[in-house]
Amino acid sequence: MWRKNQVRYGMVIDVDKCTGCGACAVACMSENNVGVLPDETDKIRSITWLRVYQIDNGKPFPDTEVAFFPRPCMHCQGGTSGAPGQAFFQEDTDPQEAHTPCVSVCPAIATDYDDATGIVSQIPTRCIGCRYCVAACPYHARYFNWYDVPWPQGTPRGLSPFVSPRMRGVVEKCTFCYARLQRAKNKAFVGGGKVGEMDYQTACTEACPSGAITFGQLQNPAHKVHKLIQSEFAFRLLEKLGTNPKVYYMSKRKWVRMMADNHLSQAKATQAAASGGHK
Amino acid sequence: MDWDRRTFVKFAVGAVIGIHASPLIPKFMDDTAIWTQNWNWVPVPEDGAVAYAHTVNPHTGTGAKAKLIDGRVEGLRAIRVEGNPNHPLSQGGVLPADASALQLLYNSEIRVTKPLLRNRSTGVMTQLSWPQALDLVAGNLANLAKNGQAHMAAALGADPSSTTGQILMRLMQALGSPNVAFTPTPRETMALAGLFMMGQPFLGFDLANANYIVSFGTPLLDGFGAPVAVRKAFAGWRGYPKNQARLVQIEPRASVTASQADQWLACKPGSEGLVALAMCRIMIDEGVYDRAIESAYGWNDADGLPGFKSYLLKNLDRAKTASLAGISLPKLVKMTLAFAKADRAVAVCGPGNSGDPGRLYDFMSVLALNALKGNLGKPGGVVAQQPLPLKSLGGALPEAKPPALAMAGRPFGVNNVHELAQAALAGKPYGLKTLILCGGNFVFNGPQANVMHDLARKTPFVVAITPYMDESAGMADLVLPSTHWLEGWGDSTTPFGSAVSCYGLHRPLVKSVDEAKDGGDILLALAQRLGGPVAAALPFKNLGEAMAKRTQAMGDFKKLAEASYWAQKRPAYGAMRFNTPSGRLELSSRVLRNLLSKGGRDADKTARALGVKAGAQTAFLPHWEEPAAYAEGAAYPLVMQAVPSLRTTWGDEAVTPYMVKILPDTVLANTDKLVVEMHPATAQQLHLQEGDAVLVESSAGSLTAKLTLYAGAAPGMVFVPLGLGHKDFGFQVAGKGMNFNRAVKVTSDPMSGMPIWELTGVSVKKVRG
Amino acid sequence: MRRWFDDLPKYADDSSWWPKGTTRCRPEVFLFWLGLPLTIMAYFGVSAFLVLFKGLNQTNMNDYFAFGVWIVVDLAVIALGAGAFFTSFLNYIIGKTELKPIVNAAVLIGFICYTGAILMLGIDIGQPIRGWFGFWHANVHSMLTEVMFCITTYAIVLCIELLPSVLDNRRIGKVPEFGTFSHNLHTIMIVFAAAGTFLSFFHQGSLGGMFGVLYARPFAFRGHLGIWPMTFFLFVMSAIAAGPSFTTLIVMITEKITAKRLTSHKVKMLMGKISGWLLLVYMVCKSVDTLYWAFIYLPSKGLSVGQMYQMPYGSWLVWAELGLFGWLPVVMLLTPRVRESYGLLFLAMLLNCIGVTLNRFIFTIQSLALPVMPFEKFISYLPTWQEWGVASLVLGHGLLIFMLAYRYLPIFPQEPELNQR
Amino acid sequence: MLPFVFEWQWDIGHIVFFGLFFGVVSVVFGVLGLTILKTILDLWSGKIHSADH
């Protein structure tokens, strides 16, 4: 049985519109006070809440093609996911069944699944740094602070007071710009209205110069995302695992859609593409 | 009582129980927990009243919205740069460079805060007061002027159309020096092509309304014109279940544009213009072209010179051309017919991937193709922008006597910073005594960085006006701190390719660091100190005042400043007015002909002298000249081209820490190694493998990098990311990768005289490391 | 005239502290050998300081390898330490009193393993001073929470279980308070044995559950039985199968080093037999589980077994874990002739212990090494010297404690009679 | 851990988990306490055991 009328924030990213410019990633970092380390080419320790993966179709010249998967936190719902491609967002009410991979494993409730919004929160000040959640996430959307951030002299002036900078030794990740929701709620409360679609948009959505990112309430027919996820071209990353993400992608290109999940038929090809390393 | 074992044990046990009973332990744990959340080296940003202010980033042309916070302790500060939804071009979108602008603004480790005098021998910097610094420069210039050597002072600026650029020009002109050059842009090539063929210097592509777009090697989606605007248009082309418009990309590499395009025709490097001509030929052969063009001057032979039609029919065999360009003819024909059939089709020319201003004849060819398509002045076609209603800063000033260094015997003066530098270095006709670098960071951006480096090193007195301790400042004797665009006044004009003209303006939003002044203010103060004609030519108290005068026609300056932009409402549709000698479209340019035969010179000879092989036979026609890079010889068998990316650079600003952070390891590999792309087959021929350290060497310079094999790279080429390899800009940016512009060989376009460096002949060798 | 050090031997003479009826090496020799564990501890000290002071960037762990050698060692030693709870379970609760001669040793080894593991976990987390949040804000749905609770509590139980052995020291035992206390503890030991068994059983399982519940990590995920994934039960089984072997192994090594007989071979054979049967049960389940995982579960996620084993973590691991270190020890331990031979029994038990260690390694490292997203890259991991330093703690403080205990505490009740000459 | 901890909300998991946990803990420490108590009583009543006896 499904709860359909709930507020569930989610995102649709149009891969065919994404030009991989990275504006989303940078806007995200400036919104959320992400630091920069002396060596950021060490990708397996570099904190990018929204990482733009580059993929290619592995075909020879001149049929080569690249595309981009901007990857925020998927804010997995867990539970029984909608069938691949099937758009309507489903969720399981049984708490045992419906659990987010990372939330259920955190020993200290430093990350939580907000039942009112479907947003997976992160509380760095409570995180003990066991990294169990990092191990649990197949999207590598969770990042551990391996270092203290060396803020260059003066740069803290440019930091936003709405998101506190993290300390070393804790995990952080995309929160769908939760601080923005807070502000929207406050405004709505003062104004006596409800939080409208445009009142709460994430930094990446706003920034994207080609409007490839759409954000809103997946189960609210009035919101754009609700229509978009019904499309036959909509898909999600690693749907077979049943993580039931709330971030959808769209592409007319079959190879892109194939690249989003593991397929026995493609086992070899995907491996080749992965080891091809054009990322 | 005495302390026997028993008492001790009792005491110990008692103590343990006591401690556990007391709140000591929980209190201590609580405190430690709190402490871990308040490490004093983790910054705590101050909260305060939030306000937004509109502005325009002059480097990207993006309409931005700065988020400001007024803190009780910290005062007013910017915490974010977001997009301005009202801005007609960027419509709320931003680029990485915009979104991370604060990282440059607030990094006091890279900002220049006070005037600094550098001792060349020791390299030691000493602080000066502003009066001292200005007197030093003014004294130097005045001295030159006194000895009739004013022309031995040169100034390089970022943007000639900006008010600061205008001030710089007037300053030097009034001083008596013809040597002012600016960062070369495709806007100038476009202006020339437009003037020569249509008498229209300001042309744009109505991308938003086109439904069939053929791009000739222009990196539409990797960085072109106003990148955000182009992306907004691109977003409109896309749709489900099928796209609204068809994009065809013609270039040698599977770039982002090529990949996102509906069709990618991989061509030989530098043959894009040729493809445009081939399309013209096909359209003529198939008779699918707008008959109106037959009335154009130079369609048929005229004045004993071949017309465009006969030139194509005679010299441009379809099959030969296609194979020369490396494109399958059937594909090309099919595409051309679709292009001709489409109701709102446009052919786009522009800067190359390496960010050069483009080749004049290629631009002319593409314009001709558009004319053949008959889309001039039509929605989704090539339109003329309404010229910006900008007043000039004052009356015309007398031309400086001695010829400009960059003229190099050309019939018309052009902005060629590279020729200026080379002539000055060679001392032909004369050398430089003073060099003013006003923005643009030429020592890094070049175009040929090593030449600009030498120029700065050889010139006795170098002044750098810059917000940052950048490469140019590092070479300067005197560094004058100018403001960041969020701190001061400034403006920018219509970006390349835009269908509507647009003026961007930025004003001081936050307190400027220490003693930094607006670049314009510094120049004006200099003018005042120089006095005489110079002061008279620039009678403004400050840059703001100058901008106010210049923008009078745009209405109330205060309102304008707050809106931060002025823009033409809608593209100027309707029959295009041709301000040519013939009053018609000129496929064979008479303007050009007149220029070449100015002063009774033989146009044919001049043309040949300038490097147009067929001389007058083709010099005035859109035609194709083989790129110089082909003629580099066996020593440099490969062709090098840049990979532009909004992640590495846009405009003349430096890459920011966040931009470096999001670079994939196919651009910047661990640790901080530049990565160059090559086709697997080419690598095999050179016995190179994935991950090899290679030396990319041209006749002008070199760079070392890590090699990656990319099937999408054209064989016989090597592709180098653009905009990395800064020596300065702090530990987050310095030493990341290598500078493409240190390896390029800059040549001059035969006819426009603009510097071009789209392609460079190189050799690639494996090296240790 | 007397030199200042002439009296040293007298002062240093600790023979009165030795267990009754035993002989130990001379103090200076003992002191000399203490140098070994102390050196290791020093190495640990330096590494631990660096990690705590500079942060976990001192390791080679990263956002892909969230867990490293520390977790592997933790899991391994906790599994090997299972001898403690299972032996005392058999001894006190089932009433297999034949195991009495070895139960002290088992408890001591358990104590070493658990304290070592806890210390390492304290260093492994990014915010050690906040470690207790795990207890305070406990998420009862997390396997790791259960592990934390059970391990800590069980460590306390182990201390209590070990207490009698300490109190029975010849000198300490003379103190009436201690003697009496120890006597009373002995009489009630069954309760602690029961509690220990309960706690141990659950956290051994939860350690396996930790991986089995990672349903987004196809390599580790396993189907559930009730609220527990298969790995829960597999880990318990492998632990109780390897524990007794490890205990016996240590005893045998001690015998070789001290050139004494500490327990009768009968006891060792019994331990071997117990190990053997438990390992058999485990191997059957494990094999079935592996087959199901490889041929039914993985394909359902669009993955093939081939993808799961990429060099350096190639398919050789399967053969090693299930064959050489799995079924082989089963066969050996269940063969009486093997158990009778000191050497072969030793070998069989060694294989058994390596097997369980390898299993923990595979679940920790390989689960993380394998990219789940098809466009991700495969990366491998090697620990830094700091990581090895911290990991060597168990060895260092293990040696130290065991040496002291062996010298002063009556760990091996059979020793006197077995070594009469 | 305790119902008055910030953000504590009751669910069956808490009851089961902490029920068992605190159960075991109280057994362990209870018995330990009793043993200590018994020891003290023994010492008073002179039922003294020591390594010699």
Side-chain angles (χ1 to χ4, degrees), chain A residues 42 44-47 53 55 69 76 78 96 99 101 103-110 126-140 142-148 167-171 237-238 240-243 258-264 266-267 270-271 273-275 277 279, chain C residues 54-57 59 61-67 121 124-139 141-148 210-211 213-218 220-221 227 298-304 306-307 310 364 367-368 371-379:
Chain A
D42 183 2
I44 49 183
R45 279 186 176 180
S46 158
I47 296 179
Y53 282 91
I55 56 172
F69 275 135
C76 304
Q96 266 308 333
H99 62 72
V103 169
S104 50
V105 301
C106 176
I109 322 186
R126 189 190 285 176
C127 174
I128 63 173
C130 71
R131 305 184 300 288
Y132 191 11
C133 57
V134 178
C137 176
Y139 303 102
H140 297 299
R142 295 185 151 272
Y143 295 93
F144 182 74
N145 281 272
W146 299 97
Y147 302 85
D148 283 308
M167 64 285 301
R168 173 230 290 170
V170 300
V171 170
L237 293 181
L238 302 175
K240 288 181 181 161
L241 294 181
T243 52
M258 290 299 277
M259 195 65 99
D261 206 340
N262 296 299
H263 309 275
L264 275 179
Q266 296 263 309
T270 49
Q271 260 172 302
S275 53
K279 240 163 253 78
Chain C
K54 292 188 166 182
L56 287 170
N57 50 54
T59 71
M61 288 187 280
N62 52 57
D63 290 327
Y64 285 48
F65 284 99
F67 298 150
L121 283 171
D124 194 339
I125 61 179
Q127 288 282 352
I129 346 184
R130 280 192 219 156
W132 54 278
F133 281 22
F135 297 92
W136 200 240
H137 305 286
N139 167 14
H141 303 296
S142 168
M143 289 287 175
L144 189 54
T145 311
E146 206 207 323
V147 171
M148 289 170 70
M210 269 182 72
F211 296 98
V213 296
L214 300 179
Y215 72 93
R217 287 287 191 168
F221 180 71
I227 62 166
L298 283 180
S300 75
K301 301 297 171 202
L303 294 160
S304 67
Q307 282 166 288
Q310 301 178 29
T364 313
S367 302
L368 303 178
V372 186
M373 290 191 288
F375 46 87
E376 264 289 355
K377 261 188 272 179
F378 176 88
I379 56 171

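Just so we're on the same page: letters track the sequence lines, and every chain starts at 1.
- In this structure, A/Ala135 and C/Ala66 approach most closely via the heavy-atom pair N-CB, 4.0 Å.
- Looking at C/Leu214, only its side chain comes within 4.5 Å of chain A, counting heavy atoms on both sides.
- Neither the backbone nor the side chain of C/Phe135 comes within contact range of chain A; no heavy atoms are under 4.5 Å apart.
- The aromatic rings of C/Tyr64 and A/His140 sit parallel to each other, their planes meeting at less than 30°, with 60° as the upper class boundary.
- In terms of heavy-atom proximity, A/Phe144 sits nearest to C/Gly126 at CZ-CA, 3.8 Å.
- In terms of heavy-atom pairs under 4.5 Å with chain A, the best-connected choice from C/Pro218, C/Ala216, C/Pro371 is C/Ala216.
- With chain C as partner, the option from A/Leu241, A/Val170, A/Ile44 having the largest number of non-hydrogen pairs under 4.5 angstrom is A/Ile44.
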Candidate pair A/Trp146 and C/Thr59, rule side chain to side chain contact (heavy atoms under 4.5 Å, CB included), full reasoning: CA-CA 9 Å; A/Trp146 299 97; C/Thr59 71; 4.1 Å; yes
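- Only the side chain of C/Leu368 comes within contact range of chain A, with heavy atoms under 4.5 Å apart.
- Using a 4.5 Å heavy-atom threshold, the side chains of A/Thr243 and C/Tyr215 count as touching.
- Among the candidates A/Ser46, A/Gly129, A/Pro107, the residue making the largest number of heavy-atom pairs closer than 4.5 Å to chain C is A/Pro107.
- When every heavy atom of C/Met61 is checked against every heavy atom of A/Arg45, the shortest pair comes out as O-NH2, 2.7 Å.
- Of the possible donor and acceptor atoms, none in the side chain of A/Arg126 sits under 3.5 Å from a partner among the backbone N and O of C/Phe133.
- Side chains of C/Met373 and A/Phe69 form no contact here, defined as non-hydrogen atoms less than 4.5 Å apart.
- Proximity to chain A is limited to the side chain of C/Ile379, based on heavy atoms less than 4.5 angstrom apart.
- The CG atom of A/Asp42 lies 10.5 Å from the CG atom of C/Asn57; values are rounded to the nearest 0.5 Å.
- Taken to the nearest 0.5 Å, the CG atom of C/Leu298 stands 10.0 Å off from the CG atom of A/Asn262.
- Within the 3.5 Å criterion, the main-chain N or O of C/Met143 finds no donor-acceptor partner in the side chain of A/Tyr132.
- Neither the backbone nor the side chain of A/Val171 comes within contact range of chain C; no heavy atoms are under 4.5 Å apart.
- Here C/Asn62 is the residue among C/Asn62, C/Val147, C/Ile129, C/Leu144 with the most heavy-atom pairs under 4.5 Å with chain A.
- With hydrogens and angles disregarded, a donor-acceptor distance shorter than 3.5 Å links the side chain of C/Arg130 to the backbone of A/Cys127.
- Residue A/Met167 holds its CE atom at 6.5 Å from CD of C/Gln127, rounded to the nearest 0.5 Å.
- Judged purely by atom type and a 3.5 angstrom limit, C/Asp124 has no side-chain atom pairing as donor or acceptor with the backbone of A/Cys130.
- Counting only heavy atoms from C-beta outward, the side chains of C/Val213 and A/Ser104 never approach each other to under 4.5 Å.
- A donor-acceptor pair under 3.5 Å is absent between the side-chain atoms of C/Asp63 and the main chain of A/Val134, judged by distance alone.
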Check step by step if side chain to side chain contact (heavy atoms under 4.5 Å, CB included) holds for A/Leu237 and C/Phe375. CA-CA 11 Å; A/Leu237 293 181; C/Phe375 46 87; 4.2 Å; yes
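- C/Pro374 places a side-chain heavy atom less than 4.5 Å from the side chain of A/Leu238.
- With respect to chain C, the highest number of heavy-atom pairs below 4.5 Å among A/Ala260, A/Cys137, A/Cys76, A/Cys106 belongs to A/Cys106.
- Your options are A/Ala136, A/Cys133, A/Ala110, A/Pro138, and the one with the most heavy-atom pairs under 4.5 Å with chain C is A/Pro138.
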